[in-house]
Colleague: 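Before I ask anything, here is the structure I am working with.
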There are 8 protein chains.
Amino acid sequence: MTESPAFRFDRAREARIGFGEAVFCESKSADQIAAILHEVGDDTPILLTRLEAQKADALPRALRDRLDFDALSRTAYLRVRCPLHETARVAVLSAGTSDLPVAQEAVRTLGFHGEPSQTHHDVGVAGLWRLEACLDDIRAMPVVIVTAGMEGALVSVVAGLVPGVVIALPTSVGYGAAEGGRTAMFSALTSCAPGIAVVNIDNGYGAACAALRHLNMLDRGQG
Amino acid sequence: MTESPAFRFDRAREARIGFGEAVFCESKSADQIAAILHEVGDDTPILLTRLEAQKADALPRALRDRLDFDALSRTAYLRVRCPLHETARVAVLSAGTSDLPVAQEAVRTLGFHGEPSQTHHDVGVAGLWRLEACLDDIRAMPVVIVTAGMEGALVSVVAGLVPGVVIALPTSVGYGAAEGGRTAMFSALTSCAPGIAVVNIDNGYGAACAALRHLNMLDRGQG
Amino acid sequence: MTESPAFRFDRAREARIGFGEAVFCESKSADQIAAILHEVGDDTPILLTRLEAQKADALPRALRDRLDFDALSRTAYLRVRCPLHETARVAVLSAGTSDLPVAQEAVRTLGFHGEPSQTHHDVGVAGLWRLEACLDDIRAMPVVIVTAGMEGALVSVVAGLVPGVVIALPTSVGYGAAEGGRTAMFSALTSCAPGIAVVNIDNGYGAACAALRHLNMLDRGQG
Amino acid sequence: MTESPAFRFDRAREARIGFGEAVFCESKSADQIAAILHEVGDDTPILLTRLEAQKADALPRALRDRLDFDALSRTAYLRVRCPLHETARVAVLSAGTSDLPVAQEAVRTLGFHGEPSQTHHDVGVAGLWRLEACLDDIRAMPVVIVTAGMEGALVSVVAGLVPGVVIALPTSVGYGAAEGGRTAMFSALTSCAPGIAVVNIDNGYGAACAALRHLNMLDRGQG
Amino acid sequence: MTESPAFRFDRAREARIGFGEAVFCESKSADQIAAILHEVGDDTPILLTRLEAQKADALPRALRDRLDFDALSRTAYLRVRCPLHETARVAVLSAGTSDLPVAQEAVRTLGFHGEPSQTHHDVGVAGLWRLEACLDDIRAMPVVIVTAGMEGALVSVVAGLVPGVVIALPTSVGYGAAEGGRTAMFSALTSCAPGIAVVNIDNGYGAACAALRHLNMLDRGQG
Amino acid sequence: MTESPAFRFDRAREARIGFGEAVFCESKSADQIAAILHEVGDDTPILLTRLEAQKADALPRALRDRLDFDALSRTAYLRVRCPLHETARVAVLSAGTSDLPVAQEAVRTLGFHGEPSQTHHDVGVAGLWRLEACLDDIRAMPVVIVTAGMEGALVSVVAGLVPGVVIALPTSVGYGAAEGGRTAMFSALTSCAPGIAVVNIDNGYGAACAALRHLNMLDRGQG
Amino acid sequence: MTESPAFRFDRAREARIGFGEAVFCESKSADQIAAILHEVGDDTPILLTRLEAQKADALPRALRDRLDFDALSRTAYLRVRCPLHETARVAVLSAGTSDLPVAQEAVRTLGFHGEPSQTHHDVGVAGLWRLEACLDDIRAMPVVIVTAGMEGALVSVVAGLVPGVVIALPTSVGYGAAEGGRTAMFSALTSCAPGIAVVNIDNGYGAACAALRHLNMLDRGQG
Amino acid sequence: MTESPAFRFDRAREARIGFGEAVFCESKSADQIAAILHEVGDDTPILLTRLEAQKADALPRALRDRLDFDALSRTAYLRVRCPLHETARVAVLSAGTSDLPVAQEAVRTLGFHGEPSQTHHDVGVAGLWRLEACLDDIRAMPVVIVTAGMEGALVSVVAGLVPGVVIALPTSVGYGAAEGGRTAMFSALTSCAPGIAVVNIDNGYGAACAALRHLNMLDRGQG
């Protein structure tokens, strides 16, 4: 009996669900990542997430040089999947400056799949005028991703004001009663505003994928 | 200073977000519900959720007689909002027979808004052939609601197989380590399959609203 | 050695902290309550909280007849402590109709001490216009009690808009991720809006007492 | 469409709620902090919280030199908002020496807004005489902030003895059953002494803001 | 193979650990309890705990009549083990009237073993003078059981003032942040006062047994 | 009285339960480990678990050189207990590449006892075809260890498809709602597929021991 | 499109995993149960679990009369699957009398599949001699199910003494720190004795199924 | 108003409760510790706990040289309080080698107060013979401290076998379901063996203080 390989790249995923497998780098060594990318081969554009700058720099030089790496979101593109569309269909909001890295992971994941984002940062409800100033732009978008830590009140306020798909992206920003993002996540799940779709804490990639499923259906046009 | 009224029906909600306010009956008395319905008036179709049969029967007779009440889902329609469309755009799955009431709340909420559901019950992964038998039908739907309690593994399996919007609807079915639905909810949130949109435990109404946001955008056609 | 009495009424409390002891009836029998009231004597006005209608009715008839009982808030006055002032200094808000009993416990506790409340019910953020309509009135109050269950987003929104003392009064309204009020309580504690004072879940009495401490200091005028 | 700025300083906050926005430095880089301070401009006094000495030293030299930095509380003033009043209106207590940094964050936040503090450190209930020795001083204050970790019993004892506003400031001091401050926070929330206002674990800034709301109302004199 | 009996009374327990097995009635039917008592036989005095009045009344009449039943503590004696000593060696305190049933379970368990209790009820720290009034009596006792729910601050205050063995007996009195007694239990475990021995929530029987182990060693003399 | 030794190697364990004591190195210093191995003596083969490479290198050189160390699983053999059997009786699956170290700890523990493993890595349910491709091989094994983090759905799917003993080995892979492995562990415990045996998070050693108990009984023949 | 049936009996389960589907009655109405049994038909023996006596009595009379119902374990057989073997291969232990219903669910599930159980009840570690008295019998069994609530120490003691497969069956017996069975379950999962297989709280059915998987492999004889 | 000192050494503690204040060094800097010791003065023997070797070395040289420091337990004596008695009255057990540091903190605290300990290490229940070998010695002691992490089963077994005061000292040894010591602590609190006194996780100091309270009462003679 031959031994099992350590990874099996799911090439059929895009055909099945509309977007391909990404490489989650958090618990993988630079060696493992390099091996996976080698196995994927030169024809497949691929997205890497949770790639620390240090780990990126530990990749083989030739590989590192070909990466389009973004430090804030800890993401990298190896080859682009498709060029950015002209019009944004997703608004990405963040409640505070500390939520930026997570929001940016969503922006970058969308960008990899050709979807530009309309961003509105630092629009938390402690100063509601900031949200109101950009509300018309947000209401025009079919999908709105709301990134928020602490108590995540921005999610409810937005969901009560816009008709589009609202994806709550809770973050681990905060301390004590924030419980590492659980309070923001539970707030979104038990919001008084109806129809909110929630993803895991700090999961910018997942929020973008949820948006992509929607956009793919829009494109399929099964109205 | 005049005293505050006890409720303020949000008539502007439909214009803002695409569907109107429902009456959540769980923590309201029959008297309160009757008062709210009276205040809403005779022109507005309205959906009632978490209405126990007993409480429904405690409503004034004239009102009770006009309700289209469904015991399984504990929902009632007072006037229909629009007739059912011909074609289903939402598949509603349930892992086990015990998940039916929650799934049915989603079906009824969709129905109130004119959306028929394609249902597939008792298709949990303990017998995977049951899901496989209806997979083609499910893959054709732009939105799939997956109702599951216990460990909620059905959610991940479906999300790995279909391209549409996947809404996880965890239920409180189970005991012990099921933790009243928290394990199913957390499973969906931390699923290895990407892009799952999660709603609160037993929140069939919320899952349907998330689907409606999507369908409304499909109708707006901002592809 | 003589045996200990079962209760010791803290007559010195008002002198020490500005308001007297109330009788928390939840875990006491009708007999125990009657005994305590008898021991307190006929000269001391007293407030009873968490008194179920059924238990009130089980009190000796003569005692029951002298109670000013309010079923919604489950509170009773035995003799009034002082007449209501003319001007309200506390606004009591509630996010939804289901939060009314808890909000009313605060209103009644304040009333027992002569403080009228300015109430604004069902002003949750799912329909933000409802709050905006009464914002000017609220901003004029030195103390604002915000009653909210589920995700409690109303607390943060109010605290970002008004200069007065903001007391968050989380309620156990909601299910699943609401965790019996813990999510609302944690949301208030980790709010992005600064300077919120939080009390226990469903503790309308405690919220009113926190307000009274403030009002007493206002009266002492140690500006 | 232009990209969103990463932060929007809420200049209107002081007018709305009585004190301005502070910069929470914990999850921001030295570069981000410098950018924010540059954007705020030279006319606005500003408070920085959770600023580690190391991060302060990584700020541009010219900026660093102008900071009034306090290592114990990890706070810094950039320009003072107003000179210290002569008379303290807030007592700040701490149960043990380990609670000092959190208590000091409250003291410094109050100081930035011109409010001196009356401090009483290491007065935990394991040796009750320490509290008794300074009780008269504490009772004279309109606001008392009680800083305590572990089981936080000091909060209840103080609240049973003083008439002023009592703000519980739980800390993460302790281990095991202290649960990172949750036990102290929950103790304060479920205290047998009535009318305690609770803020988040280790949130000295928030406790001070709650005090400021009170003091502002005292100054407005709406007795 | 013969089937196992459903219970095996541990007759050797007294010889091993100094006191005999009690019958915990909570999850047993009246039939099971009667069967156990029959099997124990007529020579062994026995203590029953968590015996609801209703269940006691469902026992065979002859058996019921021989029980010394106490409704408040839900305990019963079948034959007394030894007459009460003259002098109390254990003080049993309770913070509030609602803690009485649990404190009484400790008193009754001690009484069954011949130990009278010195009781001090309703001496919680919200009115500290109540404790101070009986402190000298308490300080004279070699063992002090402190019964308290909510935040359980009484435990720390007592442990800081008396030299004897302090046994914390947390109760489930309270709601919300009281978490069914967990906050009181955790407060005792993480108390700033040293050397507190903690037992389970509402476990008056266990607190008394811990006291008995101590008293037995006192009787054995200095090991 | 002589002082107690710091450890007592349980030489009788193998006779009692079928396999010997292993040395869990996580909370032991290199010195302690060396002392234990010295005490064990030269005749007893021994397995070391949770031995970080760094700590292994800190062992005395002569000892280090004799270790068969595996960095991925952090295990070491000092002398082999018995040569590998020819035929595998245990399948070890892993859901993702990040689960490999835990799966490998199971493989190495089995190998130390002479049991080869049939491995199938990266067969998580997000791409179900990967499991289906090796299902026949897995079904032939009397024991199947399923290693999975995140939501652990692979466990349920496998248990619904194979007749052998299924041991769920949850891992701490994931973040947020993964709760350090608790969600995977709870998913396995509350699985809809019957008869799953669950071990602790990241406990590859324990999963292998559970398998060994089974294999020993197989070897003993039908009890 | 036809509507989905409410249940799909998994007839292929026995062929796949070695034992058939059981009907979990807890969240099903008597009507639903009757419908399922009707659909299953007259040739298939079937096991019902969590069937309350009251619900059993609400089944159609003809059906009820054919059930072999056991009140203690709340299980019923409709037709027996196979006669009891002569020799027990599974020991079922319980720590206390209160654990009997859960242990009996395991005994009945095994019995339905023809496996007699060797039972040892009330052998908890508070009186260790009780376990020692039957240890030789237990050691002879290839599978040992240990039923225990509270702290579940019996599980560790047994697993340190016997060579067979040890299945921990935690129960919800206990209160306070027992946390509804979670402490017993976590104790088993983190036991110092190696190789314990744990199932969900109160899941006697699951423990028996785990045993059946083992026994089936013994029968397949793949030693 | 003068500023508060940062610490107030509780010199009256010994007179009140029988042993003096110790310095808990975990959250204090070397400078703070030196200042406290200076303030305490040269006549008072003092115990330091949770003093890391590194921090001890950072103390002023003259001070460091006078410390009797023990690295394993992280304790130090500055002057001894009284010489060791000849006869041990406390047995200190530990379940595994990893529990040694916590057990040793208890031993050292007892030693500082003149009480020698009878130690029995690595006697966990996975190999019950180890406990049995020293049981007679343990039974002779008036106080037994049982140190155990993981599932802490040793506590219940010991408490079922010995008549003395049993103090459970749970440790944070273990991972996953051990929950940082909470499972061991909860196991002790909900033990089936009666009369166990529990202290906080890893609190060797507290366990020793609980023992000292008992020994002091033994010395005082029978109350």
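A, B, ... follow the sequence lines: proteins, then strands. Residue 1 opens every chain.
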Colleague: For the interface with chain E, which of D:A159, D:A193, D:S191, D:G174 has the highest count of heavy-atom pairs at distances below 4.5 Å?
Modeller: D:S191
Colleague: Only one of E:V157, E:V158, E:V155 passes side-chain contact (heavy atoms from CB on, under 4.5 Å) with D:V125; say which it is.
Modeller: E:V157
Colleague: Measure the shortest side-chain to side-chain distance between E:L189 and D:T183 over non-hydrogen atoms and say whether it is less than 4.5 angstrom.
Modeller: no
Colleague: Where is the tightest heavy-atom contact between E:S187 and D:E151, given as atom of each residue plus distance?
Modeller: O-CB, 3.2 Å
Colleague: Counting heavy-atom pairs closer than 4.5 Å to chain D, which one of E:G160, E:A178, E:C192 comes out on top?
Modeller: E:C192
